[in-house]
There are 2 protein chains.
Amino acid sequence: MQTNAGVKRVPSVHTGGSMNVMLAAGALRDDGLIQEESAIAQALRDAILERRLGPGSRLPEEQLAEIFASSRGRIRRVLLALAREHIVVIQPSRGAFVASPDAAEARAVLAARRMIEVAVMERPCQPLTEDAIAVLRAVTEEERRAHAAHDSVAMIRWSGRFHLELALALGNAVIAGIVSELSLRTSLIIAIYERQNAMCCLKADHDLLLGTVCEQAWAEAGRLMSRHLLEIEQNLDFSSPAPPASSLSLILKR
Amino acid sequence: MQTNAGVKRVPSVHTGGSMNVMLAAGALRDDGLIQEESAIAQALRDAILERRLGPGSRLPEEQLAEIFASSRGRIRRVLLALAREHIVVIQPSRGAFVASPDAAEARAVLAARRMIEVAVMERPCQPLTEDAIAVLRAVTEEERRAHAAHDSVAMIRWSGRFHLELALALGNAVIAGIVSELSLRTSLIIAIYERQNAMCCLKADHDLLLGTVCEQAWAEAGRLMSRHLLEIEQNLDFSSPAPPASSLSLILKR
DNA sequence: GACGGGTGCATTGTTAACAATCATCGTTTA
DNA sequence: TAAACGATGATTGTTAACAATGCACCCGTC
C-alpha cells in the first residue's frame with residue numbers, strides 16, 4: 001500500500017529528494033513480511049492511528065481475510081507482527097484485539113519516548129542536512145494545512161510523521177523505527193485516555209521545535225521536545241478506566 | 001505493566017539467586033507467541049547470543065521443527081518473530097538465516113544504543129531502589145565469576161544482562177525491551193566484526209558504572225556508559241567484510 | 001429470579017497434503 | 001574449457017479440511 005493517498009503531495013520544489021524520504025517513511029521496512037502482508041499490516045496500523053479502529057476492537061481472522069481479499073494464514077502472520085509491535089493483543093483461542101494499554105503501560109511508553117526523543121534532540125548523531133530540513137518544513141506545512149482544514153485524521157498522521165522524520169534526520173533508521181513504534185502506541189494511548197477538552201496535540205509546538213533545530217540549538221530543542229511530550233502526557237486522564245469497547249465495524253478498506 | 005512483578009529477585013545466594021535472575025531475563029514478554037513458541041524463540045536467541053549460531057547460518061524449518069519436537073507451522077511463527085527483531089532474515093522462497101548486518105546497520109545499532117542507554121543514565125525516570133542495586137551487584141558478581149572461570153558464554157550473557165537490568169532499574173519495561181533487542185543485535189554484530197585481539201568486552205567497565213550509579217552521579221554515569229559503548233564500537237573492524245558463513249550444525253537443544 | 005448445566009455455533013488452532021520455487025549437479029554444446 | 005541447459009531433489013509456500021476451544025443461548029431446577 002504505497003498508494004497512501006495523502007502521502008504523495010509534498011509541497012516543495014525539490015520533488016525528487018522529498019519523494020525519496022517519503023517512500024522511506026511508509027516503508028521503514030516490515031522485515032519478514034512479504035509485500036502483501038506488509039500492506040495489510042499498514043492498513044491496520046493506519047486504521048488504528050486514525051482511530052477508525054478503537055482499542056479493544058475485535059479482529060476476526062476470517063473477516064479480515066475477506067476484507068483484504070487474502071487468506072486466513074496470511075492475516076494470521078500480520079496479526080502476529082502487530083502483536084509484536086504491541087498494538088494488537090492475541091488471546092489464545094480467543095482471538096486478536098486492538099490493544100488497550102493500561103495506565104502503567106501508557107506512562108512507560110510516554111516516558112520512553114521522552115527519554116529517547118529528547119536524547120535525539122540533544123545529541124544528534126548525524127549532521128542536519130538541507131534535504132532533511134526541507135522535508136521537515138514540508139511536513140509542518142502539511143500539519144498546518146490539516147489544522148486549517150480541521151482534518152483531524154491528517155493532523156494525527158502528519159504529527160506522527162514529524163516525529164519520525166526528526167528521528168530520521170538527527171538519529172538514524174534504527175532510532176526512527178523505534179520512534180515510529182512508540183508513536184503508534186502513543187496514538188492508541190491518546191485514543192483511550194485523551195481528555196475531552198484536549199487541544200488536539202498541536203499548538204505550533206512542532207514549528208517552534210523545528211525552528212530551534214534549524215538553528216542547531218540542541219539543548220533548547222531538547223527542552224522543547226521534553227515539554228511537548230510532557231504536555232501530551234498531562235492531557236491524559238487515567239482516572240476513567242474507560243475501555244471504549246468499540247464494535248467490530250470495520251471501515252478498513254478504502 | 002507488571003511484567004516482572006511476579007519475579008522476586010534475591011541476589012545473594014549462589015545458585016538460587018542466579019536462577020531467579022535468569023528467569024526474569026527471558027520473560028520480558030514475548031507478545032503474541034504462546035509459551036512453547038516463546039521457548040523456542042529464546043533458545044534460538046540464546047544460540048545466537050552465545051555464537052553457537054553464527055551470522056548467515058541457515059535455519060531450515062523442518063530441521064528446527066524436529067530439533068524442538070514441534071511443527072513446521074510453529075517454527076514458522078517463531079522465525080517471523082525473530083525476523084521482526086532483526087536477528088533473522090527471511091528470504092522469500094529461500095528460507096530463514098541468521099542475520100548478518102552490514103557495517104552501516106552495525107553503526108546505526110550502536111549509535112542508537114549509545115543514545116538511548118546514555119539517556120537512561122543521565123536522566124533516570126525511576127528512583128533507584130535497593131532491590132535494583134542488589135540485582136545489579138549480583139549480576140556484576142556473576143560477570144566477575146564468569147570472567148574468572150574464562151567462561152565466555154556466561155560472560156556474554158551476564159554482560160548483556162547488566163545492560164538490561166540497568167535499563168529496567170533506571171528506565172522502565174518499555175525501554176528495557178528496546179535495550180534488550182539492541183543488545184542482542186549488538187552481540188550479532190560483535191560476532192561478525194570483532195577484532196581478533198578484542199578484549200572480550202569487559203574490563204571492569206560495568207563495576208565502575210555501577211559505582212557511579214549507586215552514588216547517583218548521573219552525569220558521570222552517562223559519560224562512562226558512552227565511553228563503554230564507544231569502546232565496543234572501536235573494537236570492531238569493518239574492513240573485512242568477512243561473512244563467517246557457518247555451517248548448519250545445530251547444537252541448539254540442550 | 002438466579003444459578004448450573006448443557007447444547008450449538010462461531011472462531012481459532014493444527015495438520016497434512018499439495019503446489020511452487022530454488023539450488024545442485026550432470027550433460028550437452030559451442 | 002566454459003557456458004548454457006535441463007532434470008532432480010530439497011525446501012518453502014499455500015490451502016483446505018478437521019479438531020479444539022470458548023461463548024452465547026436456552027432450558028431446567030431450586
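The basis for the numbers below is simple: all heavy atoms, side chains too, and nothing from hydrogens, waters or symmetry mates. In what follows, every chain begins at residue 1, and chains take the letters A, B, ... in the order their sequences are listed.
- Atom CD in A/Glu37 sits roughly 13 Å away from atom C1' in D/dT12 (whole-Å rounding).
- The phosphate of D/dT15 (OP1 or OP2) has a side-chain N or O of A/Ser71 nearer than 4.0 angstrom.
- Salt-bridge check for B/Glu85 with A/Arg84: passed, with a basic side-chain N closer than 4.0 Å to an acidic carboxylate O.
- For the pair A/Arg94 and B/Ser93, both in contact range of DNA chain D, the more 5′-proximal nearest nucleotide belongs to B/Ser93.
- We find that CD of A/Glu62 is positioned 8 Å from P of C/dT12, with the value rounded to whole Å.
- Within the 4.0 Å cut-off from OP1 or OP2 of D/dT15, not a single side-chain nitrogen or oxygen of A/Arg72 is found.
- Atom CG in B/Leu59 sits roughly 13 Å away from atom P in D/dT11 (whole-Å rounding).
- Rounded to whole Å, the distance from CG on B/Leu64 to P on D/dT11 is 12 Å.
- Listed candidates were C/dT11, C/dT21, C/dT14. Nearest to the side chain of A/Arg58 is C/dT11.
- Heavy-atom minimum distance, A/Arg94 versus A/Arg58: O-NH2, 3.0 Å.
- Salt-bridge check for B/Glu233 with B/Arg107: failed, with every basic side-chain N at 4.0 Å or more from each acidic carboxylate O.
- The residues A/Asp46 and A/Arg51 are annotated as not salt-bridged, no charged nitrogen and carboxylate oxygen being separated by less than 4.0 angstrom.
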(request) May I have the step-by-step check of side-chain hydrogen bond (donor to acceptor under 3.5 Å, both in side chains) for B/Thr129 and B/Asp131, ending in yes or no? (result) CA-CA 5 Å; B/Thr129 67; B/Asp131 276 5; 5.5 Å; no

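- Atom CD in B/Glu61 sits roughly 15 Å away from atom C1' in C/dT15 (whole-Å rounding).
- Taking 4.0 angstrom as the limit, B/Arg76 places none of its side-chain polar atoms (N or O) nearer than this to OP1 or OP2 of D/dT12.
- C/dT11 atom P lies 16 Å from atom CD of A/Gln91, rounded to whole Å.
- Residue-level contact check: B/Gly95 touches the backbone only, with heavy atoms under 4.0 Å from sugar-phosphate atoms and none from bases.
- Rounded to whole Å, the distance from CZ on A/Arg77 to P on C/dT12 is 18 Å.
- Computed from coordinates, the A/Ile75 CD1 to D/dG13 P distance equals 18 Å when rounded to whole Å.
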